[in-house]
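As structure tokens, the structure follows; a few thoughts come after it.
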Amino acid sequence: QVQLVESGGGLVQTGGSLRVSCAASGLTFNMLVMGWFRQAPGKERQFVASISGSAIMDFYGDSVEGRFTISRDNTANTVYLEMNSLKPEDTAVYYCAAKRGATLVRQDNHAERFDYWGQGTQVTVSS
């Protein structure tokens with residue numbers, strides 16, 4: 001049984017930083033593409049970042065590129081999202097997702113390509 005458990009969300013001021021984590025179990029972690037998505041109230045789920053199984057390649061959504069960094073520790077079965085220069089519009093529930101297969105492709109910015117999802121962690125950026 002695959003489980004993804006996010007942690008690290010919270011309240012931060014504009015311009016601040018926060019790191020969220022996602023611990024995975026139930027599959028061979030380095031054989032998974034991992035991704036982060038977010039969803040704000042009343043809005044569609046939005047792609048944030050994704051990373052290949054070997055961590056050689058990553059992609060970012062336009063609204064976060066240059067501010068957020070995705071990384072993974074395959075020895076700890078954990079993926080991270082480091083968020084800097086946070087803005088109120090970054091406020092959302094952040095979801096961790098996993099896709100079977102280690103190879104990251106350009107289309108891995110669509111939620112429907114991911115097979116497993118965590119329960120989400122709330123990130124709130126105050127103005």
Side-chain angles (χ1 to χ4, degrees):
Q1 182 179 354
V2 177
Q3 277 196 314
L4 302 175
V5 180
E6 299 99 334
S7 61
L11 175 65
V12 63
Q13 291 186 334
T14 296
S17 298
L18 199 64
R19 188 177 80 162
V20 292
S21 304
C22 172
S25 61
L27 280 179
T28 303
F29 188 66
N30 63 3
M31 294 302 294
L32 299 171
V33 164
M34 299 299 296
W36 287 97
F37 292 78
R38 66 187 183 186
Q39 189 165 19
K43 295 189 176 182
E44 293 186 351
R45 191 164 294 192
Q46 182 186 40
F47 170 71
V48 176
S50 55
I51 188 169
S52 64
S54 62
I56 289 177
M57 186 178 295
D58 54 34
F59 296 143
Y60 294 91
D62 290 342
S63 61
V64 307
E65 187 148 24
R67 299 188 297 123
F68 290 12
T69 302
I70 189 171
S71 62
R72 64 192 296 161
D73 182 348
N74 286 348
T75 63
N77 290 359
T78 302
V79 62
Y80 305 96
L81 184 68
E82 182 76 33
M83 301 179 286
N84 298 313
S85 302
L86 282 161
K87 306 174 183 180
E89 51 265 43
D90 294 317
T91 295
V93 177
Y94 282 71
Y95 295 93
C96 171
K99 182 176 80 78
R100 292 187 299 265
T103 302
L104 182 66
V105 297
R106 278 288 174 190
Q107 294 82 1
D108 290 335
N109 59 353
H110 295 287
E112 59 268 24
R113 291 183 61 86
F114 287 78
D115 302 298
Y116 308 102
W117 292 83
Q119 81 289 349
T121 186
Q122 177 70 47
V123 173
T124 303
V125 185
S126 63
S127 57

For Val93 and Gly120, work out which heavy atoms get closest and say how close. CG1-CA, 3.8 Å
Does anything in residues 46-57 form a side chain to side chain donor-acceptor pair (under 3.5 Å)? List the pairs, not counting sequence neighbours. Arg38-Gln46
Under the side-chain hydrogen bond (donor to acceptor under 3.5 Å, both in side chains) test, residues paired with Tyr95 that sit two or more places apart: none
Test: side chain to side chain donor-acceptor pair (under 3.5 Å). Region: residues 5-20. Which pairs qualify, not counting sequence neighbours? Glu6-Gln119, Ser17-Asn84
For Trp36, run the side chain to side chain contact (heavy atoms under 4.5 Å, CB included) check against Val64, Ile51, Leu81 and tell me which one passes. Leu81
Correct closest heavy-atom pair for Thr78 and Ser21 would be CG2-CB, 4.2 Å
Which pairs, with at least one residue in residues 57-91 and sequence neighbours excluded, count as a disulfide bond (SG atoms under 2.5 Å apart)? none
With sequence neighbours excluded, what pairs up with Asp73 under the salt bridge (charged side-chain N to carboxylate O under 4.0 Å, His left out) test? none
With Gln122, which residues qualify under side-chain hydrogen bond (donor to acceptor under 3.5 Å, both in side chains), at least two apart? Thr124
Please give me the minimum heavy-atom distance between Ala98 and Leu4, naming the atom from each residue. N-CD1, 3.8 Å
CE/Met83 to CD1/Ile70 distance, rounded to the nearest 0.5 angstrom? 11.5 Å
According to a hydrophobic-cluster definition based on side-chain heavy atoms being under 4.5 Å apart (Ile, Leu, Val, Met, Phe, Trp, Tyr only), do Trp117 and Val33 belong together? yes
In the hydrophobic cluster built from side-chain contacts under 4.5 Å, what are the other members alongside Leu11? none
With sequence neighbours left out, which residue pairs that include part of residues 96-109 fulfil the side chain to side chain donor-acceptor pair (under 3.5 Å) condition? Arg100-Tyr116, Asp108-Arg113
4.5 Å side-chain heavy-atom contact, Val123 and Val20: yes
Does a side-chain heavy-atom distance below 4.5 Å link Met34 with Phe114? no
Pairs in or reaching into residues 47-84: which pass ring-ring contact (aromatic ring centres under 6.0 Å, His included), with residues at least two apart or in two chains? Phe37-Phe47
Quick one: side-chain hydrogen bond (donor to acceptor under 3.5 Å, both in side chains) partners of Asn74, sequence neighbours excluded? Arg72
Flag, side chain of Thr91 to backbone of Glu89, donor-acceptor distance under 3.5 Å: no
Pairs in or reaching into residues 9-109: which pass disulfide bond (SG atoms under 2.5 Å apart), with residues at least two apart or in two chains? Cys22-Cys96
Which ILVMFWY residues are connected to Met31, directly or by a chain of links, through side-chain heavy atoms under 4.5 Å apart? none
Got a sec: does the CD of Glu112 have more than 12 other heavy atoms crowding it under 6.0 Å? yes
